*Asks:* 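Before we start, here is the structure in question, set down as structure tokens.
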Amino acid sequence: MTDVERRMFRLLLFADGVAIAISMVAGPLQHTSMAIGAAVSAGLISLCLVAYGLYFWPWKR
């Protein structure tokens with residue numbers, strides 16, 4: 001994984017955390033559509049990060 005890919009991974013990880021926080025705050029404030037949209041976005045970003053991380057996982061050490 002190159003330096004640019006690591007930075008992008010960290011940026012997406014930060015964006016995932018922000019989306020999760022937005023979803024957790026917007027839900028109790030009765031902003032249902034915003035909470036659902038942020039949760040779906042966080043789920044999609046998390047799925048992509050897991051798949052990308054498994055792609056670069058060293059299978060043989």
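Fair warning: this is a prediction, and the values are worked out from it, not measured in the lab.
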*Asks:* Would you compute the distance between atom CE of Met8 and atom CG of Leu11 and round it to the nearest 0.5 angstrom?
*Replies:*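 Answer rounded to 0.5 Å: 6.0 Å.
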*Asks:* Donor-acceptor pair, Ser23 side chain versus Ala19 backbone, under 3.5 Å?
*Replies:*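 Not a single qualifying donor-acceptor pair exists.
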*Asks:* How many angstroms lie between atom CD1 of Ile36 and atom OG of Ser41, to the nearest 0.5 angstrom?
*Replies:*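 Ile36 CD1 to Ser41 OG: 11.5 Å, rounded to 0.5 Å.
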*Asks:* Tell me who clusters with Leu44, hydrophobic residues only, linked when side chains sit under 4.5 Å apart either directly or through other members.
*Replies:*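 Listed partners: none, Leu44 stands alone.
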*Asks:* Mind telling me whether Tyr55 and Tyr52 have parallel, tilted or perpendicular rings, with 30° and 60° as the class edges?
*Replies:*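 The rings of Tyr52 and Tyr55 lie parallel, inter-plane angle below 30°.
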*Asks:* At what distance, to the nearest 0.5 angstrom, does CZ of Phe9 lie from CG of Asp16?
*Replies:*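 The CG atom of Asp16 is 9.5 Å from CZ of Phe9, to the nearest 0.5 Å.
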*Asks:* If you count the non-hydrogen atoms of other residues, nucleotides and ligands that lie under 6.0 Å from CZ in Phe14, is the total more than 12?
*Replies:*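 Atom CZ in Phe14 is not packed in, count stays at 12 or less.
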*Asks:* Quick one: closest heavy-atom pair of Leu12 and Leu49, and the distance?
*Replies:*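 Closest approach of Leu12 to Leu49: CB-CD2, 3.8 Å.
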*Asks:* Got a sec, which residues hit side-chain hydrogen bond (donor to acceptor under 3.5 Å, both in side chains) with Arg7, two or more places apart in sequence or on another chain?
*Replies:*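 For Arg7, the residues satisfying side-chain hydrogen bond (donor to acceptor under 3.5 Å, both in side chains) (neighbours in sequence not counted) are Asp3.
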